[in-house]
Protein chains: 2
Amino acid sequence: MQRSVYLKLVSPAEALRTLLDAFAASPLKPEAIPLSQAHGRVLAEAATARLSSPAFHGAAMDGVAVAAEETFGASERRPKVLRLGEKAHWINTGHILPRGCNAVIMVEHLVPGKDASGHETVTIEKAAFPWQHVRKLGEDIVATEIVLPPGALIGPYQLGALAAAGITHPVVFAKPKVAIIPSGSELVPLEEATEEILGQGEKLPEFNGLVLAAMVREAGGEPAVRPIVPDREEELRRALLEAVESDADLVVINAGSSAGSEDYTAGVIAGLGDLLVHGISMMPGKPTAFGSVRGKPVLGIPGYPVSAILAFEELGQPLLAAWMGRSMPEPGVEQAVFPQDIPSRPGMEEFIRVKLGLVNGNFIAVPLPRGAGTVSSLSRAEGILRLPADSEGLSAGSRSPVRLIKSARDIAGSLLAIGSHDNTLDILDSLLRKHYPGRSFTSSNVGSLGGLMALREGRCHLAGSHLLSEDGEYNKDAVRRHLSGFPVQLMRLVDREQGFIVPPGNPRSITSLHDLTQTGLRFVNRQRGSGTRVLLDFHLKRLGLSSGSIAGYEDEEYTHMQIAAAVLSGRADVGLGVKSAAVALKLDFVPFAVEEYDLVIPMRYWEDKRIQDLAALARSDVFRKVVLDMGGYSVDRSGELVWTFPG
Amino acid sequence: MQRSVYLKLVSPAEALRTLLDAFAASPLKPEAIPLSQAHGRVLAEAATARLSSPAFHGAAMDGVAVAAEETFGASERRPKVLRLGEKAHWINTGHILPRGCNAVIMVEHLVPGKDASGHETVTIEKAAFPWQHVRKLGEDIVATEIVLPPGALIGPYQLGALAAAGITHPVVFAKPKVAIIPSGSELVPLEEATEEILGQGEKLPEFNGLVLAAMVREAGGEPAVRPIVPDREEELRRALLEAVESDADLVVINAGSSAGSEDYTAGVIAGLGDLLVHGISMMPGKPTAFGSVRGKPVLGIPGYPVSAILAFEELGQPLLAAWMGRSMPEPGVEQAVFPQDIPSRPGMEEFIRVKLGLVNGNFIAVPLPRGAGTVSSLSRAEGILRLPADSEGLSAGSRSPVRLIKSARDIAGSLLAIGSHDNTLDILDSLLRKHYPGRSFTSSNVGSLGGLMALREGRCHLAGSHLLSEDGEYNKDAVRRHLSGFPVQLMRLVDREQGFIVPPGNPRSITSLHDLTQTGLRFVNRQRGSGTRVLLDFHLKRLGLSSGSIAGYEDEEYTHMQIAAAVLSGRADVGLGVKSAAVALKLDFVPFAVEEYDLVIPMRYWEDKRIQDLAALARSDVFRKVVLDMGGYSVDRSGELVWTFPG
């Protein structure tokens, strides 16, 4: 087998500079288009006014238009009477001054009447000065002036200014055309990816094309997703040549840019033209390559969705922007506190996706999974931390700037929960957004104990907890032990059934903890500090069973759903979790215990409008109905204050 | 004549609350659409995963897939040899694990070879543990989990997450449909607004429809601009009824909402339904009205472009966002210093458009014209100051938060010039943007003297100046007098001809300042502190002419182009200005003096990259050619350092 080798790794900044230098000449032709189609386009040259705005003298007030000279000498003692239609003309704001007029007298300063011959008149008691209450020709824009510079993005304001200046056909850049080649023998088009086909376990749906096309559109370009190319060097070469010979200004090959045995992208670029960069010191996104084929830029980006997106954000979008003389839009940045250690990968610039909360005036950043395949880590991300290549990581409690994806205002309207995971937390978020506009709920799953620690350190607004103490009571003992001096309220969210999640039909006949010690059986556990782990250990101890007797006790997952997924996939024969997770994946469930799942809320937030909205929602019929439908829950006390801990 | 009367003025916040309360029920129906069409749409309900992602166990590294159990016991001393295709399978990152395998061994930890029978093998020296280097089923998303909450805007990241979760037909809100009715007898459609028609002086092009349609699209809606309705009550009523009976969710009547004699909007809404608000304490935008007709919201917004835009931003866009369960995007905000007094209008919330520069670490805000008709004040705006209704205005030097329109980074790349106006400054900006990406040039025209004051107070990076002193020299004397202790460099931008701007053919035969005292002649002057005014006064004094002998000496404009516009429109018979302004408007020009127009640059900025880029541009052939083509300039010393003032 052959594997290509990375050229020297270069930094993201160096890679971008290399790309922009190599393709500095914009291939985009200027074109004059009707203004009605110009929204979202970018000016290729300065737009100079064809007309002045206003194009004529116009009234700036409602009243009558006059020649100021006709009013000279008017006073309270010697008012002047002007005949309407002759020396004075009714006029409304914005309308064109009649010929011969050079001033407007406000309606409040007039007395309408009739003269002896019955002709309508106005009487004025004060002279008008020339050009009073008149919008003069060219007051806004004078013909031939530059209205907008080249590189200006035409939004609503710009449409108005161009129209006012008589520029009905602005000269804009042709939209950059981007050909996207998905490659990979395992891929099927998204619309053909039926469950039958995927169920055979050999095919994956191709959707990076859709994602990249959207990114091209957001950068003002026109994407064309070409047919999927299998992992065969010759076919990739042919597909690349076809794309380069098309009208595309930029060609993107998605996947095959790594160093795997079927990663032909870098080699194919090198074979047909010049390979400029192969390998960028960024994570995700390292296996990125680009070069020049027949003078056109060809970008080879990795197949993992997060890598593909970040690589295109770092290179593709800035190239399109540069061709249009634009800089990239700039996200907001806030200093955020990291409650957990963030280890770094030396020599790599890392893009760490985080959730954010505004707690006690501090932005708190909770990291999402780092994997390049976890596209949900981007769709759920509220910010991105860029950890420089020379960083040694962040230690818990340190601060670092984070680029905001969610706006600071939306973050401020959101509650941040750190602690135990329960599926009803996601329900809370969805229902809050729907029924309490401006509210949302972000949760980070670190287990019950971690939640209490985070509360105490002021790093979240509330914590979900279900910690069983030796006296068989939930939460109170743990709160007393870990939050002394820190007054909190306990609000019940749900009572829930915990039990054994097993394959349909319960083939191993699991009914008790003793059954977990069967030979050949594999268990999947929750992480240390989680309430479910505490529950397991509590009962193992009571029964005198050793954890060593359970195969898989050390195999840990972080959520109930991942426990269920492990059972569904055959990775494990049984796990301990909530009924809703088993029901969701159509697995069987053997009840084991009913737990009290509480939200632990610092006293100082109890009256916070966000908490009160949350409590109202937890008591609502809509929440109760959705939760009961999930199975395994009791909602009799949902939203109830169950205990006050004075600290 | 009849005039409608405003209902009680309400604040913008109160108006919005009234609108959102009255139309709280979203009229938008949820619809399932193919994912390929979902970019930019908004989820109407929570999207729950149909598939897990990954849907199968997959390789997280390049190498071989194995069943971990087959490797148990392998060590350096007792390596294991696995036959390829039987116990080990080559696999690339991201690919699906073959059935029976549960671990991946990295390519770096393998030795390929052949066994005695010639079968290909790999040799391993370390046992694999189960699930090592495997992306487990559901690691990212587990089927049935909530992938995105309702109200989520579907961008590229979200497309990826939806596709990964097998959601091929997300349920989104139908796009809100907005009917826009332009009204006004003076309006002609933009595409019919030929110069012949406009030249008759009675018609204005209708373009607010285009602007509002773009604003609707940016808010995720679908606009329909309906035919122009003349200012006749009955026709407006009919047009409104038709629009309300169409599929529109919101109807916007543009103009006619004021209290003028032909402003029927409020009355028509009241006649057909309920008028909820008429008159909002905002400036521009006061004459805004809205109500309910047949249960649909009808928004009557003013005709001035700036008023129309701001009224729709305050009311229309938030209503559409609320219907989709979204909050409005939040602009960046920075504290900015206001170098000039900003008077307030008591009782009105004012929207003051500003240009911005980052000088010495401070954002400096220079106000643009306030008029509601100056649409260029929006298209040129880099920020907006909202001055609350109870504000007493800002005094020079005070700070206030400004919403950014231009990004902070783009502002940081820009040079802020305050001082004298010259048309070549606009050329500098256009050429800088084109040839020096990331650079731009913002100029505020307050006259030469005002520029030196602004420099001294640290409120700009440079100042254009052409101040003639009594000894007949330019700029040096003024710099010595006003910038003592403040070292600067003088860079020549251009030498330029000043002269009399007169109508074609010079009908008044102006050849000298004496001619300005002709009976019946009207002059138009530049403002106090401008170099052109200083030039005029210098020569008047030398000739012993009194300013009182010149009719129109008190009639002031702020730019050369506005002087030319005043002559073009017949408002004045003559003005003093630069040749390029006369040439631009095809007026005649009688040369009077050649001036030295310099850029005054503080020593501390002289080495600044932005200044050096500017100087390089001023010396470039492209700048010189464009300037020479304008007429009236000499560029022999452009970009040259002409004088150093040590302070």
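So that the names make sense, note that chain A is the first sequence line, chain B the second, and so on, each numbered from 1.
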Atom group of Ala213(B) that falls short of 4.5 Å from chain A, counting heavy atoms:
neither
Specify which of Thr48(B), Val211(B), Ile309(B), Thr168(B) makes the most heavy-atom pairs with chain A at under 4.5 Å.
Val211(B)
Distance col, row Leu585(A):CG vs Thr144(B):OG1, nearest 0.5 angstrom, shows 5.0 Å
Quick one: does Lys136(A)'s side chain have a donor or acceptor within less than 3.5 Å of a partner on Phe56(A)'s backbone?
no
Can you tell me which portion of Glu186(B) sits under 4.5 Å from chain A's heavy atoms? Options are side chain, backbone, both or neither.
side chain
So, taking the atom named CG in Asn208(A) and the one named CE in Met215(A), what distance separates them when rounded to the nearest 0.5 Å?
10.5 Å
Value rounded to 0.5 Å, distance of NE2 in His560(A) from CD in Glu145(B)
11.5 Å
Would you kindly say whether His39(A) and Arg217(B) are connected by a side-chain donor-acceptor distance under 3.5 Å?
yes
Pick one of side chain, backbone, both or neither for Ile405(B), based on which atoms fall under 4.5 Å of a heavy atom in chain A.
side chain
Looking at Asp140(A) and Val375(B), would you say the former's side chain and the latter's main chain have a donor-acceptor pair under 3.5 Å?
yes
Region of Arg326(B) in contact with chain A, defined by heavy-atom distances below 4.5 Å
neither
What residues, two or more places apart in sequence or in another chain, satisfy side chain to side chain donor-acceptor pair (under 3.5 Å) together with Glu191(B)?
none
Below 4.5 Å, heavy-atom pairs only: which of Ala161(B), Gly325(B), Ser569(B) has the largest tally toward chain A?
Ser569(B)
If you count heavy-atom pairs under 4.5 Å between each of Arg135(B), Arg522(B), Met61(B) and chain A, which one has the most?
Arg135(B)
Among Ala46(A), Gly209(A), Gly138(A), Gly160(A), who wins on heavy-atom pairs under 4.5 Å with chain B?
Gly160(A)
Options His57(A), Glu45(A), Gln158(A), ranked by heavy-atom pairs under 4.5 Å with chain B, top entry
His57(A)
What part of Ala408(A) gets within 4.5 angstrom of chain B, counting heavy atoms only: side chain, backbone, both, or neither?
both
Please walk me through it: do His95(B) and Asp231(A) pass side chain to side chain contact (heavy atoms under 4.5 Å, CB included)?
CA-CA 12 Å; His95(B) 287 207; Asp231(A) 290 322; 4.0 Å; yes
Considering only heavy atoms, which portion of Pro150(B) lies under 4.5 Å from any heavy atom of chain A: side chain, backbone, both, or neither?
both
Nearest 0.5 Å, please: how far is CG in Leu137(B) from CD1 in Ile96(B)?
11.0 Å
Between Leu210(A) and chain B, which part of the residue has a heavy atom less than 4.5 Å away: side chain, backbone, both or neither?
both
Contacting region of Ala59(A) [heavy-atom separation from chain B under 4.5 Å]:
backbone
Portion of Ser36(B) that has a non-hydrogen atom of chain A nearer than 4.5 angstrom
both
Segment of Ile141(B) engaging chain A (4.5 angstrom heavy-atom cut-off):
side chain
Part of Ser377(A) lying under 4.5 Å from any heavy atom of chain B:
backbone
Is there a donor-acceptor pair under 3.5 Å between the side chain of Asp429(B) and the backbone N or O of Phe441(B)?
yes
Counting only non-hydrogen atoms closer than 4.5 Å, does Glu206(A) touch chain B with its backbone (N, CA, C, O), its side chain (CB onward), both, or neither?
neither
Counting heavy-atom pairs under 4.5 Å with chain A, which one of Asp426(B), Ile146(B), Leu148(B) comes out on top?
Ile146(B)
Where the side chain of Arg353(B) meets the backbone of Ala381(B), is there a donor-acceptor pair that is under 3.5 Å apart?
no
Contacting moiety of Ala55(B), where chain A heavy atoms sit under 4.5 Å:
neither
Let me know if Ile427(B) has heavy atoms under 4.5 Å from chain A in its side chain, its backbone, both or neither.
both
Given side chains that start at C-beta, do those of Leu35(B) and Phe207(A) come closer than 4.5 Å, heavy atoms only?
no
Against chain A, label Asn102(B) side chain, backbone, both or neither, depending on which of its atoms sit under 4.5 Å from a heavy atom there.
neither
Just how far is it from atom OG of Ser185(A) to atom NZ of Lys203(A), taken to the nearest 0.5 Å?
7.0 Å
Let's test your reading of the structure: which of Ala308(A), Ser407(A), Ser376(A) forms the most heavy-atom pairs below 4.5 Å with chain B?
Ser376(A)
So which residue, Ala581(A), Ala565(A), Pro156(A), Pro149(A), ends up with the most heavy-atom pairs under 4.5 Å with chain B?
Pro156(A)
Can you sort out the partners of Arg409(A) under side chain to side chain donor-acceptor pair (under 3.5 Å), two or more places apart, ordered by chain and number?
none
Residue from Leu159(B), Asp410(B), Leu378(B) scoring the most non-hydrogen pairs under 4.5 Å with chain A is Leu378(B)
